[in-house]
There are 2 protein chains.
Amino acid sequence: MVTIRDVAKDSGFSATTVSIVLNNAPLARYIPTATKKRIEGAAKKLGYRPNLFARSLRSRRSHTVGVMVFDMTDPFCTLVLRGIENSLYQASYLPILTDVQNERARFERYLEMLLDRRVEALIVLANWLFVNIDVLGDLEKSNIPTVMIGRELKNDSISSVIVDNELGGYTAVEHLYALGHRKIAFIRGPKSLTDSAPRWKGVKAFAKARGLEIDPRLAVDLPESRHPTSSFETGYKLTEEMLKAKRPFTALMAFDDMTAFGAIRALSRAGLRVPQQCSVVGFDDVAAASLCTPPLTTIRQPMEAMGAMAASIVLEGISAMLEKRELPAVHRKLAPELAVRDSTRSPA
Amino acid sequence: MVTIRDVAKDSGFSATTVSIVLNNAPLARYIPTATKKRIEGAAKKLGYRPNLFARSLRSRRSHTVGVMVFDMTDPFCTLVLRGIENSLYQASYLPILTDVQNERARFERYLEMLLDRRVEALIVLANWLFVNIDVLGDLEKSNIPTVMIGRELKNDSISSVIVDNELGGYTAVEHLYALGHRKIAFIRGPKSLTDSAPRWKGVKAFAKARGLEIDPRLAVDLPESRHPTSSFETGYKLTEEMLKAKRPFTALMAFDDMTAFGAIRALSRAGLRVPQQCSVVGFDDVAAASLCTPPLTTIRQPMEAMGAMAASIVLEGISAMLEKRELPAVHRKLAPELAVRDSTRSPA
DNA sequence: ACGTTTTAATAAAACGATTCTTCACAGATT
DNA sequence: AATCTGTGAAGAATCGTTTTATTAAAACGT
């Protein structure tokens with residue numbers, strides 16, 4: 001391995017000067033171009049690569065950002081990660097990604113690992129986190145810029161980025177209503193998931209505004225669960241039960257895409273075709289939504305944008321920290337978008 | 001921040017002794033239990049956490065493994081990552097995951113970043129990598145244990161883990177044949193993808209063994225593409241064309257699940273129901289395969305196992321390296337598994 | 001011609017661990 | 001009595017940077 005001293009020797013200057021030149025430190029201003037050229041030349045010739053451990057040890061900076069996801073296999077997260085990744089990449093930060101797998105123990109262990117590695121900020125992707133929100137306590141202690149994606153916070157030390165669930169719920173039911181549906185079944189999210197209430201609130205807001213009647217026997221809740229794809233099965237079961245109950249409906253609004261897939265399966269098993277006999281609308285717009293047949297009409301979360309937003313928030317937080325500015329937490333709510341595909345149409 | 005010297009002071013011993021005790025170094029054998037207890041007590045009391053930069057700088061170890069995926073949004077990779085992650089986690093290694101996004105430039109930059117951070121090994125997840133395989137050259141130079149998942153290598157410095165594509169192809173067509181299908185359409189993978197040839201070879205092997213006739217006009221190739229989900233659209237188009245050509249077939253074997261989804265869409269658009277009028281079998285078993293309706297019969301790649309296998313290969317490589325043993329590259333081929341769902345059935 | 005900036009470069013001191021070498025003292029062995 | 005050996009612990013060197021003084025000459029203003 002070639003060290004800074006090798007470059008110093010080769011170029012004929014001291015290690016100090018080499019460091020100053022290569023990092024373009026403030027003092028580099030006083031160094032003549034000829035010297036700079038010589039040093040840069042030597043560095044390139046020798047293939048010098050600074051030892052990041054030494055550098056970080058001295059400078060107390062790691063140029064890394066910790067990213068924790070609660071479940072990597074949840075299709076929701078890969079696009080968010082794209083957004084994060086791209087933003088950090090531009091800023092020359094390396095994301096260190098950990099998959100907590102919905103386990104408290106892993107969360108703690110990975111958080112420790114990340115802090116031990118002196119990540120300069122933390123992005124937490126809380127897709128489907130039921131496990132008690134007391135992880136917030138752990139996060140607050142870390143004292144580095146932190147942002148949580150997918151969980152609404154009124155916290156002033158941790159920032160948040162979420163989708164506007166209420167608007168999403170409103171938009172979804174508005175779409176069905178506009179198509180002419182009046183008998184709509186609803187599968188709401190689990191009570192403990194913070195997304196559930198606002199989505200439903202949006203639905204009720206629309207219903208009230210337009211005088212849509214909601215049959216309480218056609219509005220059911222997903223049960224609690226730790227696994228994000230479990231809503232497929234529970235969506236299937238709940239739909240089956242509603243069908244058995246013989247309360248007719250021409251459209252179904254599912255809490256998320258997984259639930260919608262489960263509902264479609266149940267409808268199909270019962271001999272009902274989607275969308276001919278029943279429309280279905282989901283929420284999220286995971287990759288599979290556009291792949292299955294019929295492709296799913298759904299409310300798209302702007303996942304890449306959310307990731308990018310989160311990254312820019314923590315990057316801003318890092319600069320603030322370096323300049324010793326106090327920076328209050330920010331809370332962003334991004335608008336979702338209706339993606340109309342083939343799983344919805346006007347009732348016969 | 002509390003340093004090892006603080007612990008030394010508090011416990012009344014030297015930093016040396018503290019280091020030896022806390023790391024359970026060989027010399028710790030000579031240290032009485034009482035001393036150990038005192039030191040461990042002090043460390044815990046002060047909340048001592050060793051500075052990893054200092055530690056790594058001195059010990060020349062990072063306890064990290066670089067993981068490069070060529071496209072994170074490819075659903076194929078998340079489960080493989082699970083497998084990798086779980087194995088590394090147990091061994092107390094931290095994976096550093098980078099998403100190359102199929103760009104050569106990113107590959108190079110990330111590889112540099114990882115090597116700069118002194119990862120002790122490299123796992124490359126080459127799902128859908130068309131970009132010239134000359135990345136191998138770059139990888140070989142790194143001189144750390146390296147394994148490639150998803151690309152067959154006859155290389156003796158880089159290990160590989162792949163699925164047995166030939167067996168998979170054989171199994172898929174065998175399944176269709178057993179159901180009674182004799183007119184089968186095939187969508188083969190792109191020529192440049194190394195998975196394509198062996199899968200087709202498996203098909204031909206079965207056909208020859210059982211006397212199944214393959215109509216060359218019903219066997220088409222996916223075009224080249226850099227994007228893994230593009231096979232959805234091209235699968236759609238190719239199926240459409242085969243339908244237009246009016247050569248009847250009762251089953252279709254797709255190169256992968258994406259292609260199968262595209263094919264199902266085309267069949268459905270043409271008014272053909274799956275599986276009633278045409279069976280479809282895919283390859284991979286991505287998450288969406290079991291979610292869509294009808295759920296897709298497919299050849300499951302043992303993704304978690306592949307990830308775990310790759311991780312254990314590099315961990316073994318690391319130990320070998322530490323003990324200065326020469327360890328030749330190993331090449332593993334894992335058997336896929338037929339997942340029978342509802343997209344296949346006997347012809348009418 | 002004198003003190004003050006500016007320019008140019010360096011030596012030495014961190015940064016916080018690990019590891020190499022040395023030392024002291026038992027008790028056992030020649 | 002002298003020499004090993006096994007314990008127990010510490011001092012000093014080291015890892016490869018960055019940063020903090022410091023020095024020394026050159027440029028500048030009066």
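No experiment lies behind these values; they were computed from the predicted model shown. Letters A, B, ... are given to chains in the order of the sequence lines, protein chains preceding strands, and every chain is numbered from 1.
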Using whole Å, report how far [atom1] of [X] lies from [atom2] of [N].
{"X": "A:R5", "N": "D:dT17", "atom1": "CZ", "atom2": "C1'", "answer": "8 Å"}
{"X": "B:M1", "N": "C:dC15", "atom1": "CE", "atom2": "C1'", "answer": "14 Å"}
{"X": "A:Y30", "N": "D:dA25", "atom1": "OH", "atom2": "P", "answer": "19 Å"}
{"X": "A:L57", "N": "D:dT19", "atom1": "CG", "atom2": "P", "answer": "12 Å"}
{"X": "A:R61", "N": "C:dA14", "atom1": "CZ", "atom2": "P", "answer": "23 Å"}

Are a donor atom and an acceptor atom from the side chains of [X] and [Y] found within less than 3.5 Å of each other?
{"X": "A:E140", "Y": "A:S157", "result": "yes"}
{"X": "A:R117", "Y": "B:S62", "result": "no"}
{"X": "B:S19", "Y": "B:T16", "result": "no"}

Using only side-chain N and O atoms of [X], determine if any of them is under 4.0 Å from OP1 or OP2 of [N].
{"X": "B:R55", "N": "C:dT18", "answer": "yes"}
{"X": "A:R60", "N": "C:dG16", "answer": "yes"}
{"X": "B:Y48", "N": "C:dG16", "answer": "no"}
{"X": "A:T16", "N": "C:dA9", "answer": "no"}
{"X": "A:S59", "N": "D:dT17", "answer": "no"}
{"X": "B:N23", "N": "C:dT18", "answer": "yes"}
{"X": "B:S14", "N": "D:dA10", "answer": "yes"}
{"X": "A:T35", "N": "C:dA9", "answer": "yes"}

Using 30° and 60° as the class limits, which term best fits the ring planes of B:Y110 and A:Y89: parallel, tilted or perpendicular? tilted
Whichever of B:L52 and B:L27 has the more 5' nearest nucleotide on DNA chain C, that residue is B:L52
Is it true that A:D71 and B:R82 make a salt bridge, defined as a side-chain N closer than 4.0 Å to a carboxylate O? yes
